[in-house]
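Heads up, the thing below is written out as structure tokens.
Atoms within a ligand are numbered from 1 in the order they appear, just like the ligands themselves. Index from 1, following the sequence. Excluded from the calculations below are hydrogen atoms, water molecules and symmetry mates; all remaining heavy atoms, backbone and side chain alike, are included.
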Amino acid sequence: MTLEKTLLMIPGPVNVSPRVLRAMAKPVINHRSPEFGKRTLEINEMLKKVFKTNNDIIILTSSGTGGVEAALANTIKAGDKVLVCVNGAFGERARNIAEVYNADIIDVNADWGKAISSKDVKEKLTQDTKAVVMVYNETSTGVQNPIGEVGEIVKQTNTLFIVDAISGLGGHYVGVDEFGIDICVVGSQKCLAAPPGLAFVSISSKAWKVIELNKPRSLYFDLVRAKSFLQKDPPQTPFTPAVSTFYGLHEALKIVEEEGLENWIKRHEIIAKATREGIKAMGLELFADEKVASNTVTPIKYPAGINDKEFRKTMRTKYLVEVAGGQKQLSGKIFRIGHLGTVTSSDIISTLSAVEMAMNDFGIKIEPGVGLSAAQRVFRG
Ligand SMILES: *Cc1c(COP(=O)(O)O)cnc(C)c1O
């Protein structure tokens with residue numbers, strides 16, 4: 001679309017502030033210079049505040065999946081017992097990574113659209129469980145898993161708690177140290193509204209003890225090596241980082257600080273509620289269990305007879321709002337509204353309005369504005 005006005009309402013990557021884009025237009029500098037090292041340390045300190053942790057944070061030039069792979073490649077030996085929670089596409093992906101590293105996988109499942117039960121985790125946890133792997137915010141289904149409860153259980157054991165919080169941290173309260181998360185993975189392109197390309201991995205001292213005894217099973221994702229480079233003077237990364245994206249991230253984190261993390265999260269919470277109320281008022285059905293609904297993505301069931309590709313094409317080309325489809329077994333059955341990062345109430349009003357109009361184009365009769373007024377009532381409080 002040549003207008004460059006399309007609203008990007010998918011669960012990552014998200015709309016990026018022009019401030020962030022301008023920060024990225026600065027000249028590329030030597031990634032081993034004191035200047036870049038200083039910037040890296042600043043980013044690291046800012047990330048620690050967002051993660052609510054005193055643990056080390058390693059910044060990887062990779063998408064979020066690379067962060068999850070780094071977590072497993074550094075902690076899991078072939079044959080290690082790993083409990084993997086699966087209730088959606090990203091849980092499946094974590095499981096696939098555990099398979100690649102030849103873990104002895106113990107499954108904890110829940111229906112897609114429902115949360116994992118911490119009781120099930122507790123029941124399957126044994127003394128020789130090396131790690132519990134859980135996706136916090138399952139982006140494919142719009143469900144939050146109970147990381148606080150599971151953290152409380154795993155904390156008491158020698159098992160590591162590895163969390164994919166890629167689309168959750170920043171949109172929900174996540175206290176990495178408080179919850180006892182040993183390795184927490186976040187991606188740049190989700191709630192923190194930076195461009196895609198970076199993954200952040202926080203590592204507790206309990207996890208370092210395991211990692212340091214292991215032979216790393218990845219050269220690029222060797223976390224011990226990454227830590228030793230971070231401790232150099234000036235601080236560095238083992239390999240060339242995405243320098244411009246670091247600049248963008250720095251500016252994006254400044255924007256989070258200016259709003260304040262608490263307000264940033266609260267905004268996600270209100271917008272998610274407004275989205276759900278708007279959708280329900282239209283007579284459409286939410287996919288996820290509302291008790292555990294995500295603050296960052298809302299999946300919606302298609303009424304019978306609507307073609308997913310056609311619907312989303314109408315949304316994109318006629319109303320300039322880009323929403324996401326369903327993944328895996330949900331493909332064609334749902335569409336997903338991503339509302340994370342710098343998303344505003346007017347973004348949601350525009351999106352809901354586009355949904356009403358597009359549904360009308362496909363013969364679904366919705367009273368004009370009914371979703372908008374429901375959403376506005378939430379915003380008014
Ligand atoms: C987006 C996302 C990922 C990672 O995606 P990448 O494309 O590798 O950045 C992983 N897990 C969850 C829960 C996500 O939302």
Side-chain angles (χ1 to χ4, degrees), residues 8-16 47 51 58-73 84-100 110 112-116 132-147 150 161-172 174 176 181 183-202 218 220-221 241-242 245 248-249 252 268 272 287-288 292-299 322-328 330 334-341 343:
L8 192 55
M9 300 299 287
I10 63 173
V14 300
N15 294 300
V16 164
L47 283 175
F51 276 57
I58 302 293
I59 305 172
L60 300 167
T61 291
S62 90
S63 82
T65 304
V68 180
E69 177 144 7
L72 296 180
V84 187
C85 305
V86 180
N87 57 339
F90 291 100
E92 279 187 356
R93 186 178 299 174
R95 193 184 189 283
N96 291 341
I97 297 171
E99 254 169 22
V100 167
W112 289 33
K114 299 263 170 11
I116 298 281
V132 171
V133 182
M134 181 175 248
V135 173
Y136 173 34
N137 183 71
E138 181 45 84
T139 320
S140 64
T141 63
V143 160
Q144 287 181 66
N145 282 319
I147 50 170
V150 172
F161 187 30
I162 300 176
V163 175
D164 166 354
I166 293 173
S167 66
L169 192 143
H172 300 262
V174 179
V176 167
I181 302 172
I183 305 190
C184 185
V185 182
V186 173
S188 54
Q189 80 278 26
K190 308 256 167 137
C191 303
L192 303 177
L198 300 173
F200 322 125
V201 185
S202 76
S218 165
Y220 187 71
F221 290 133
T245 311
L249 170 65
H268 281 82
F287 175 75
V292 289
S294 164
N295 283 352
T296 64
V297 57
T298 299
E322 176 100 35
V323 293
Q327 291 168 287
K328 305 269 182 100
L330 296 176
I334 61 167
F335 68 99
R336 294 174 298 152
I337 300 174
H339 33 75
L340 63 174
V343 60

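Each of Ile97, Asn96, Leu60 was scored for a side-chain contact (heavy atoms from CB on, under 4.5 Å) with Glu69, with one residue passing: Ile97.
Heavy-atom proximity to Gln189, at under 4.0 Å, picks out these atoms of ligand 1: 6 (P), 9 (O). The distance from ligand 1 to the heavy atoms of Gly64 drops below 4.0 Å at these ligand atoms: 6 (P), 8 (O), 9 (O). Applying the 4.0 Å criterion to heavy atoms of Ser167 picks out, from ligand 1, the atoms 13 (C), 15 (O). Under a 4.0 Å criterion applied to the non-hydrogen atoms of Val135, ligand 1 contributes the atoms 13 (C). Under a 4.0 Å criterion applied to the non-hydrogen atoms of Thr139, ligand 1 contributes the atoms 12 (C), 13 (C), 14 (C), 15 (O). Every atom of ligand 1 with a heavy atom of Asn137 under 4.0 Å away is listed here by number and element: 13 (C).
By the criterion of a heavy-atom distance under 4.0 Å, neither the backbone nor the side chain of Val68 is placed next to ligand 1.
Nearest non-hydrogen protein atom to atom 3 (C) of ligand 1 is Phe90 CE2, 3.5 Å. Protein heavy atom closest to atom 11 (N) of ligand 1, with residue, atom name and distance, is Asp164 OD2, 2.6 Å. In terms of protein heavy-atom proximity, atom 4 (C) of ligand 1 is nearest to Thr65 OG1, 3.6 Å. Nearest protein neighbour of atom 6 (P) of ligand 1, counting heavy atoms only, is Ser63 OG, 3.4 Å.
Of the possible donor and acceptor atoms, one in the side chain of Thr296 sits under 3.5 Å from a partner among the backbone N and O of Ser167. Counting only distance, with no hydrogens or angles, the side chain of Thr141 and the backbone of Trp112 share no donor-acceptor pair below 3.5 Å. At least one donor-acceptor pair under 3.5 Å links the side chain of Glu138 to the backbone N or O of Gly91. Here the side chain of Asn295 pairs no donor or acceptor atom with the backbone of His268 at under 3.5 angstrom. Checking side-chain atoms of Ser188 against main-chain N and O of Ala194 turns up no donor-acceptor pair under 3.5 Å.
Note on ligand 1: Arg93 sits in its first shell, one or more heavy atoms being nearer than 4.0 Å.
Inter-residue side-chain proximity for Met9 and Val343 is flagged as met; some heavy-atom pair is nearer than 4.5 Å.
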**Request:** With side-chain contact (heavy atoms from CB on, under 4.5 Å) as the test, would you mind laying out the steps for Val174 and Val163 before giving the verdict?
**Result:** CA-CA 11 Å; Val174 179; Val163 175; over 6 Å; no
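Judged by a 6.0 Å distance limit and a 45° cone about the ring axis, Lys190 is positioned over the six-membered ring of Phe90.
Inclusion of Lys190 in the set of residues having an N or O under 3.5 Å from an N or O of ligand 1 is warranted.
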